[in-house]
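No experiment lies behind these values; they were computed from the predicted model shown. Below, all heavy atoms of this structure are taken into account, side chains as well, without hydrogens, waters or symmetry copies.
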Amino acid sequence: LPISQIRFLVEQGCIPPLCDLLEVQEPRIVEVVLDGLETILVVGQRDAEEFGGVNKYAGFLENCGGLEKLEYLQAHPNHDIYEKVYRIIDDHFGALEGEVVEVGQDGRFQFGADATGQQPPEGGYNL
């Protein structure tokens, strides 16, 4: 699809229904949906680089619960699905440059340390 058509589909709200399809049990459908979401995210990244800013399409996907569904699919028994999901998360949702991501004792990711290892002040920042 031309980039303009992908942008049009996103404007029409295609990301949430695609994310809903990540929960179906048919691996071929999940693979096709992952290909579509990856294409959308690539267009969003191109737009972010061309016009400045962040990948809005990645934000749309995250806001509708799609990132959680992608993370869940990392345990999928189909190796092709695992590889696609890993690539999407790594390319579009990886840690920001200079940001250290650690796994806490509870198994959850801990954000906040910068490249120097400094932690935010106890109790957070007062803005």
Give the minimum heavy-atom separation between [X] and [Y], together with the two atoms involved.
| X | Y | result |
| --- | --- | --- |
| Leu67 | Leu61 | N-CD2, 3.4 Å |
| Phe60 | Ile15 | CB-CD1, 3.8 Å |
| Pro16 | Cys64 | CA-SG, 3.8 Å |

Say you draw a straight line from [atom1] of [X] to [atom2] of [Y]; how long is it, rounded to the nearest 0.5 Å?
| X | Y | atom1 | atom2 | value |
| --- | --- | --- | --- | --- |
| Glu11 | Ile6 | CD | CD1 | 12.0 Å |
| Tyr86 | Gln74 | OH | CD | 8.5 Å |
| Ile88 | Phe93 | CD1 | CZ | 8.5 Å |
| Phe51 | Lys56 | CZ | NZ | 9.0 Å |
| Phe8 | Gln5 | CZ | CD | 9.0 Å |
| Gln45 | Ile40 | CD | CD1 | 14.5 Å |

message: With clusters defined by side-chain heavy atoms of hydrophobic residues (ILVMFWY) lying less than 4.5 Å apart, directly or transitively, does Leu9 cluster with Ile29?
response: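 Linked, Ile29 and Leu9 end up in one cluster.
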message: Using the rule that Ile, Leu, Val, Met, Phe, Trp and Tyr join whenever any side-chain heavy atoms are under 4.5 Å apart, tell me whether Val42 and Leu34 fall into a single cluster.
response: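 Val42 does not cluster with Leu34.
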Any [X] side-chain heavy atom under 4.5 Å of [Y] side chain:
| X | Y | value |
| --- | --- | --- |
| Val32 | Leu21 | no |
| Val10 | Cys14 | yes |
| Val24 | Val33 | no |

task: Using a strict 4.0 Å threshold on nitrogen-to-oxygen distance, state whether Lys84 and Asp35 make a salt bridge.
output: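 Salt bridge: yes.
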With Ile3 via side-chain contact (heavy atoms from CB on, under 4.5 Å) - residues at least two apart: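 If we apply the side-chain contact (heavy atoms from CB on, under 4.5 Å) test to Ile3, skipping adjacent residues, the hits are Arg7, Val43, Arg46.
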- prompt: Is a side-chain N or O of Asn55 found less than 3.5 angstrom from the main chain of Leu41, in a donor-acceptor match?
  reply: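 Yes: the side chain of Asn55 pairs with the backbone of Leu41.
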task: Please answer whether the main-chain N or O of Gly59 pairs with a side-chain N or O of Asn63 as donor and acceptor at a distance below 3.5 Å.
output: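 Checking the backbone N and O of Gly59 against the side chain of Asn63, a donor-acceptor pair under 3.5 Å is found.
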Trace of the side-chain contact (heavy atoms from CB on, under 4.5 Å) decision for Val85 with Tyr72: CA-CA 9 Å; Val85 168; Tyr72 179 78; over 6 Å; no
- prompt: Looking at residues at least two apart in the chain, or sitting in another chain, which of them share a side-chain hydrogen bond (donor to acceptor under 3.5 Å, both in side chains) with Glu62?
  reply: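 Partners of Glu62 by the side-chain hydrogen bond (donor to acceptor under 3.5 Å, both in side chains) criterion come out as none, since no residue qualifies.
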- prompt: Which residue pairs satisfy the side-chain hydrogen bond (donor to acceptor under 3.5 Å, both in side chains) criterion with at least one member in residues 20-34, sequence neighbours excluded?
  reply: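 As it turns out, the side-chain hydrogen bond (donor to acceptor under 3.5 Å, both in side chains) pairs with a partner in residues 20-34, which skip direct neighbours, are Asp20-Lys69.
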